[in-house]
Amino acid sequence: MATIRQAINETIERVRIPTPTRLRDLIRQIRAARTAAEERAVVNRECAYIRSIFREEDSVWRCRNIAKLLYIHMLGYPAHFGQLECLKLTASPRFTDKRIGYLGAMLLLDERQDVHLLITNCLKNDLNSPTQFVVGLALCTLGAIASPEMARDLAGEVEKLMRSPNAYIRKKAALCAFRIIKRVPELMEIFLPATRSLLNEKNHGILIAGVTLITEMCEKSQDTLNHFKKIVPNLVRILKNLILAGYSPEHDVSGVSDPFLQVKILRLLRILGHNDPDASEAMNDILAQVATNTETSKNVGNTILYETVLSIMDIKSEGGLRVLAVNILGRFLLNSDKNIRYVALNTLLRTVHADISAVQRHRSTILECLKDPDVSIRRRAMELSFALINSQNIRAMSKELLIFLEKADAEFKAQCSSRMVHVAERYSSSIRWRLDTLLSVLVAAGNYVRDDVVSSTIQLILNSPPEEQAYIGLRLWDSLHNITNSYEDKQPLLQVAIWTIGEYGDLMLSSERIEDVEIPAESELVDLYQKLLWTTSVSTSSKQYALVSLAKLSTRIHSAEEELRAKQIVEAFGTHLHIDLQQRGVEFSQLFRDYSHLRPALLEKMPKLQKSLTNGNGDGNGTGGGLFDENSGGIDLIESGGDEMEIGGLLTGSSEGKVGSNTNALLDLLGGDDPADGLGLVPPTNSIIPTGTTTTNGKASSNSNTQDLLDLLGGLDMPVSTPPAAIPPLGGGVGLDLNCLNDNSIKATTTTAVTGSSSFGGLENLLNSNLTSPTTTIPLVGSGGIASPTLGTAPIINNSTGSIVANNSLFSDFSSINNNEEHSKTLTALDKNGLLVQLLAKNSGGCLQIVMTAVNNSLSTLEQYLFQAAVPRSFSLQMLSPSGSALPPGGTITQEMRITSTAKATLRMRLRISYQCDGNPVLEQTELSGFPEDPTTPLE
């Protein structure tokens, strides 16, 4: 009777209230709108009508109105005013109303809405409904919108439903449990007993849901992973039945029995067998069967083979099985589908470190992928090619990669050139071949070459034997002739060439003819410089190189006529519009004009330098080159854009040094125990430079030779916070570092207090010193513009007292460079999930220098890698930029830290390491101690 009465009432309501627009009619109206304004008008009109119906508490057409509102919501228009109406529909006894109500709840509600809490009771009632479809609706809604509180309230109900005799409900409950555990991992213990029984089901839908649930549990908890390792035989049995089963129309996809379940099982086996020899042994046979019996003519089979390869490479599999997996990927490389080729290259790149010899067999196929029209495939093929290079195939691989570099897009040239330099430096045993390779890189990459390539090339030339220096000088000379009309596109090549000609022009002129390269005449060399310095196609940075190189070349040639031409070219820059070129022109002109006898000593060849490469990753993040090793006194010849600045042969950090009076240390630095001899000064017969000074009324007085020293230093008075000066190597003369001449160093020019009548500071004082011998060799330590106008802080001269204020940081750096008794210590910060983080700590230059090295030994790429460190307040920490933020399999990231002590205390370091692995954020924290003790006195 009640049902009849309700039907009569609904009929009356339908007659009384006009019938609303149907959903299909609304869709037609919106699609018929020609402009966005017409569409908004239709939507606004319909929303206004729906609001008015909601206010009238119409229950007859509520379901239709909510359906239209959900469509409007899908178009991006606001529909939040329908939330309460959705809850009313979920409470309706009719299934059609519940279906639309729960759909609306999933789309319109989230845990930030207060209305979200009102649906919990309705869900609980429907989870106990006798109708399986109502239960299924409630489970789907709970899995979609469950907040942590709602999940805790209803987890018990879901666990009961996982034991239901109804297969449909069990499948839905397993999927709901999966979403709950993903949201609230601590609830997984509730579902453990019921989960294992899901693997005994015959229904494939329940099997897929159960395997998915177990996979999520194992990824969330190590204890759960150990618990489920006992089910490996069950998984192997299920997978074997799928392979050997005959045709089943219910599960067959392109001739493969249920590929979705196979992929899920293979993924779970990979997780269970990782770093577990016993579990891996149990699944070796079935993986081999899957790899050999799966049909590869369709994409379905390729999908299963791909998951099989990942499982084989990630578990402790046999060597033959790994070779089989690599061969499968090799077959993928021959596939006509570019997506499959990309997947194969990406997987080989992730697994190359596991079995490089097997991957080497497919080297020719990989090199062919360098010619693929797809840019993504070319990038992965390039990265994999570099990963395959070793000392045996370096020459053949380099030849192919140079061909690729010549024709590559601009986006590849910088990364490819940097990696070419690294592999040539790492694997080549022939200096001449390395020189030829770096020259080819400079020619092929043009202006896309990074500074680290220029730096490494100059470094190699500098440390090569004289005959190789002459050889590469001639080759560079020939290269400049071949690019006469394209200087603007080859600036890095131009810089290396003019640096080499300026340093080793005498070796070139006296060497033997090589191949088809003629020995240039002195006039041809000067003609080249004149052309480069006056052309508009050469950058200012290259002209800075050329101007100093020409000054050096003038001491290498023997023709007085060409020397005069060089002088005239330099003098012409005394009125140049660019301030740095003008300063160099004026200073070199004064050197030519008034102090020509000093030029051979001041412009002699640079000494050999050492450079340590700590990261050859070349990941394209702009971190080419290496880190400075203070033990060896090495430098990175070209500034890499970090917080470091290299000047005149020493690399100094940007940390502030505490200064004080240290005359003896300065004199020792400049020339050993005898200040006069060390400076190259000839003292009067009745005078020796004293070790101290006497003061009267606050003014200092000293002997004449000490005054000569002050004149030599140029009366510098620089701020204390300026970086320490670069002191050229001793042993006669000043080696001018042309690499100081780039734009970055010019911007770092420090302010100097000019003393004396000359406007050129340290150079004028240097040249006016009381020197008695024209052949005396004088180390240049002032701020004059000979080596660079950007020299950092030299030992500061206090003009009021006549005392010498030395930079402690500089002298501690210098002493550490010359002291080989420095000890280093390696500490392991983290070794987990394939990520190894180690800290190499050593005392250097009055501070503790730490290099963090992170190595990815897993098969996944780690993205957004961030290394953070904290130290107690009694220490100060300076962290330089890391070499990158992404860690591909086998990749490395380095980062340098410097720690100074402000009080006597034991160093402890707290570390936080975060990254993303397969889209999942990972955070690790640890604390380290046991660092080397700092032998220096703490700063006060």
Side-chain angles (χ1 to χ4, degrees), residues 2-123 125-126 131 133-134 136-147 150:
T3 305
I4 296 174
R5 186 182 297 109
Q6 182 180 0
I8 294 173
N9 291 337
E10 289 180 356
T11 304
I12 295 173
E13 288 293 327
R14 285 192 178 94
V15 174
R16 185 178 63 84
I17 300 176
T19 304
T21 305
R22 293 181 302 175
L23 175 60
R24 68 182 67 178
D25 295 331
L26 175 63
I27 294 175
R28 288 195 187 101
Q29 292 178 23
I30 291 176
R31 289 182 175 178
R34 297 182 178 179
T35 63
E38 290 183 15
E39 179 184 301
R40 284 195 299 270
V42 173
V43 171
N44 291 336
R45 184 171 60 250
E46 189 64 31
C47 286
Y49 173 75
I50 293 174
R51 283 194 184 94
S52 65
I53 296 298
F54 285 166
R55 283 195 294 268
E56 295 177 6
E57 292 293 331
D58 170 35
S59 61
V60 177
W61 304 111
R62 181 180 289 131
C63 181
R64 178 178 291 185
N65 289 329
I66 289 294
K68 292 189 293 183
L69 193 61
L70 294 180
Y71 178 73
I72 291 173
H73 170 73
M74 291 168 61
L75 294 178
Y77 295 95
H80 56 279
F81 57 87
Q83 292 173 349
L84 283 175
E85 302 301 319
C86 290
L87 294 182
K88 293 176 182 178
L89 283 179
T90 59
S92 171
R94 298 172 59 185
F95 176 76
T96 54
D97 289 348
K98 282 184 178 295
R99 183 177 58 181
I100 296 297
Y102 279 126
L103 177 61
M106 286 188 279
L107 291 177
L108 301 181
L109 297 184
D110 57 54
E111 59 183 273
R112 293 173 296 180
Q113 307 290 339
D114 294 337
V115 185
H116 179 268
L117 301 175
L118 302 177
I119 201 174
T120 304
N121 191 54
C122 185
L123 284 172
N125 292 334
D126 287 340
T131 307
F133 300 109
V134 173
L137 284 176
L139 287 170
C140 289
T141 306
L142 177 60
I145 66 173
S147 64
M150 185 186 295

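Keep in mind that the numbers below use all heavy atoms, side chains included, and drop hydrogens, waters and symmetry copies.
Shown here are the side chain to side chain contact (heavy atoms under 4.5 Å, CB included) partners of Leu107, two or more places apart in sequence or in another chain: Leu70, His73, Leu103. Contacts of Ala48 classified as side chain to side chain contact (heavy atoms under 4.5 Å, CB included), with partners at least two apart in sequence or in another chain: none. Residues passing the salt bridge (Lys or Arg N to Asp or Glu O under 4.0 Å) test with Arg22 are Asp25, sequence neighbours excluded. In this structure Glu39 satisfies the salt bridge (Lys or Arg N to Asp or Glu O under 4.0 Å) test with no other residue, sequence neighbours excluded. Judged as a side chain to side chain contact (heavy atoms under 4.5 Å, CB included), and not counting sequence neighbours, the contacts of Ser92 are Arg94, Asp97. For Phe133, the side chain to side chain contact (heavy atoms under 4.5 Å, CB included) criterion is met by Phe95, Thr131, Tyr168, not counting sequence neighbours.
Closest of all the heavy-atom pairs between Cys86 and Gly104 is SG-CA, 3.7 Å. The nearest pair of heavy atoms linking Cys63 to Thr96 is SG-O, 4.0 Å. Heavy atoms only, all atoms of each residue included: Ile66 and Gly82 are closest at CD1-O, 3.9 Å. Of all heavy-atom pairs spanning Ala91 and Cys122, the tightest one is N-SG, 4.1 Å.
Identified under the salt bridge (charged side-chain N to carboxylate O under 4.0 Å, His left out) test for residues 98-109, with sequence neighbours left out: Lys98-Asp126.
Atom OG1 of Thr141 and atom CE of Met106 lie 4.0 Å apart (nearest 0.5 Å). To the nearest 0.5 angstrom, Ile30 atom CD1 is 12.5 Å from Glu38 atom CD. Taking CZ from Arg64 and OG1 from Thr21, the interatomic distance works out to 8.5 Å, rounded to the nearest 0.5 Å. Here the straight-line distance linking atom CG of Leu69 with atom NE2 of His80 works out to 10.0 Å at 0.5 Å rounding. Of the inter-residue distances, the one linking Trp61 atom CH2 with Ile53 atom CD1 reads 10.5 Å to the nearest 0.5 angstrom. The structure places OG1 of Thr120 at 11.0 Å from CG of Asn125, a figure rounded to the nearest 0.5 Å.
No donor-acceptor pair under 3.5 Å is formed between the side chain of Gln83 and the backbone N or O of Leu109. Side chain of Lys88 to backbone of Arg62: no donor-acceptor contact under 3.5 angstrom is found.
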Item checked: Worked check of side chain to side chain contact (heavy atoms under 4.5 Å, CB included) between Glu85 and Leu89 -> CA-CA 6 Å; Glu85 302 301 319; Leu89 283 179; 5.9 Å; no
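Phe54 places none of its side-chain heavy atoms less than 4.5 Å from the side chain of Leu84. Counting only heavy atoms from C-beta outward, the side chains of Asn65 and Pro20 approach each other to under 4.5 Å. Inter-residue side-chain proximity for Thr90 and Leu123 is flagged as unmet; no heavy-atom pair is nearer than 4.5 Å.
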